[in-house]
A.B. asks: 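Sharing a structure with you now.
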Amino acid sequence: MTAQSVETTDIFRSAFFLCHGGNLTGINIKNNGRRIATFVISGDDLERLDRQYRNGEPLVNPVQFRESLTHLRDTLFDRLRHYDTGDNRYDRKRANRGHQTGY
């Protein structure tokens, strides 16, 4: 078996791959006016697992699936915090409150 790589925006699909031995090798964030995160998963037999997932045949341990989802979300939010550093997006919102009455 050769290692493969899949990039997807689907967090549930990514968690399914992790439950079957896949590794999270990266999270890419694109900003086209709206931030979109993609999960990069590598591992063996991802094509077969992807077919199972798309055909509605995925079987996973529910506790392991929940843990995989938690890991992906925690990693994503950590990555987003680093992505936003220096952006001051939130500071600009707080400073520009002229639209609120009384300011």
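For reference, positions follow the sequence shown, starting with 1. Predicted, not measured: the structure shown is a model, and the values here were computed from it. These numbers come from the heavy atoms of this one structure, side chains and all, not from hydrogens, waters or symmetry mates.
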A.B. asks: Just verifying a value: how many Å separate Glu47 CD and Gln52 CD, rounded to the nearest 0.5 Å?
C.D. replies: 13.0 Å
A.B. asks: Taking a hydrophobic cluster as the set of Ile, Leu, Val, Met, Phe, Trp and Tyr residues connected by side-chain heavy atoms closer than 4.5 Å, whether directly or through intermediates, do Leu80 and Val40 fall within one such cluster?
C.D. replies: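 Result: no, two separate clusters.
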A.B. asks: Apply the test side-chain contact (heavy atoms from CB on, under 4.5 Å) to residues Thr75 and Leu72: give CA-CA distance (whole Å), side-chain angles for both, the deciding distance (0.1 Å), then the verdict.
C.D. replies: CA-CA 5 Å; Thr75 306; Leu72 289 169; 5.9 Å; no
A.B. asks: Taking only residues two or more places apart in sequence or in another chain, which ones pass salt bridge (Lys or Arg N to Asp or Glu O under 4.0 Å) with Arg79?
C.D. replies: none
A.B. asks: Once rounded to the nearest 0.5 Å, what's the spacing between atom NE2 of His20 and atom CZ of Arg48?
C.D. replies: 7.5 Å
A.B. asks: I'd like to know if the side chain of Asn23 reaches the main chain of Thr25, judged simply by a donor and an acceptor atom lying under 3.5 Å from each other, with no hydrogens or angles considered.
C.D. replies: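 No, the answer is negative, given that no donor and acceptor are paired below the 3.5 Å cut-off.
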A.B. asks: With a 3.5 Å distance limit and no angle check, can you tell me whether Asn55 reaches the backbone of Arg51 through a side-chain donor-acceptor pair?
C.D. replies: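 Side chain of Asn55 to backbone of Arg51, a donor-acceptor pair under 3.5 Å: yes, one is there.
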A.B. asks: Out of curiosity, Arg35 CZ to Ile29 CD1, how far, rounded to the nearest 0.5 Å?
C.D. replies: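 So the CZ of Arg35 and the CD1 of Ile29 are separated by 7.0 Å.
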A.B. asks: Are Ile27 and Phe77 grouped together when hydrophobic residues (ILVMFWY) are joined by side-chain heavy atoms under 4.5 angstrom apart?
C.D. replies: yes
A.B. asks: What's the separation between atom OG in Ser14 and atom NE2 in His71, rounded to the nearest 0.5 Å?
C.D. replies: 10.5 Å
A.B. asks: Please work out whether the ring planes of Tyr53 and Phe16 are parallel, tilted or perpendicular, with thresholds of 30° and 60°.
C.D. replies: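 Geometry flag for Phe16 against Tyr53: tilted rings.
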A.B. asks: As a quick check of understanding, evaluate side-chain contact (heavy atoms from CB on, under 4.5 Å) for Phe39 and Leu76, giving each step before the final call.
C.D. replies: CA-CA 9 Å; Phe39 300 95; Leu76 173 61; 4.1 Å; yes
A.B. asks: With clusters defined by side-chain heavy atoms of hydrophobic residues (ILVMFWY) lying less than 4.5 Å apart, directly or transitively, does Phe12 cluster with Ile36?
C.D. replies: no
A.B. asks: If we count only N and O atoms by modelled type, under 3.5 Å, do the side chains of Glu7 and Asn28 hold a donor and an acceptor together?
C.D. replies: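 There is such a pair between these side chains.
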A.B. asks: Take Cys19 and Asn61 through the test side-chain contact (heavy atoms from CB on, under 4.5 Å) and record every step on the way to the result.
C.D. replies: CA-CA 8 Å; Cys19 287; Asn61 176 315; over 6 Å; no
A.B. asks: Testing Leu24, Asp50, Asp45 one by one against Phe17 for a side chain to side chain contact (heavy atoms under 4.5 Å, CB included), which residue passes?
C.D. replies: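 Answer after filtering Leu24, Asp50, Asp45: Asp50.
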A.B. asks: Rounded to the nearest 0.5 Å, how far does OG1 of Thr38 lie from NZ of Lys30?
C.D. replies: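 Spacing of NZ (Lys30) from OG1 (Thr38) equals 5.0 Å.
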A.B. asks: Taking atom CG of Leu59 as the centre, report whether more than 12 heavy atoms of other residues, nucleotides or ligands fall under 6.0 Å from it.
C.D. replies: no
A.B. asks: Under the rule for salt bridge (Lys or Arg N to Asp or Glu O under 4.0 Å), what residues qualify as partners of Asp10, not counting sequence neighbours?
C.D. replies: none
A.B. asks: As a quick check of understanding, evaluate side-chain contact (heavy atoms from CB on, under 4.5 Å) for Leu18 and Ile41, giving each step before the final call.
C.D. replies: CA-CA 8 Å; Leu18 294 184; Ile41 309 293; 4.1 Å; yes
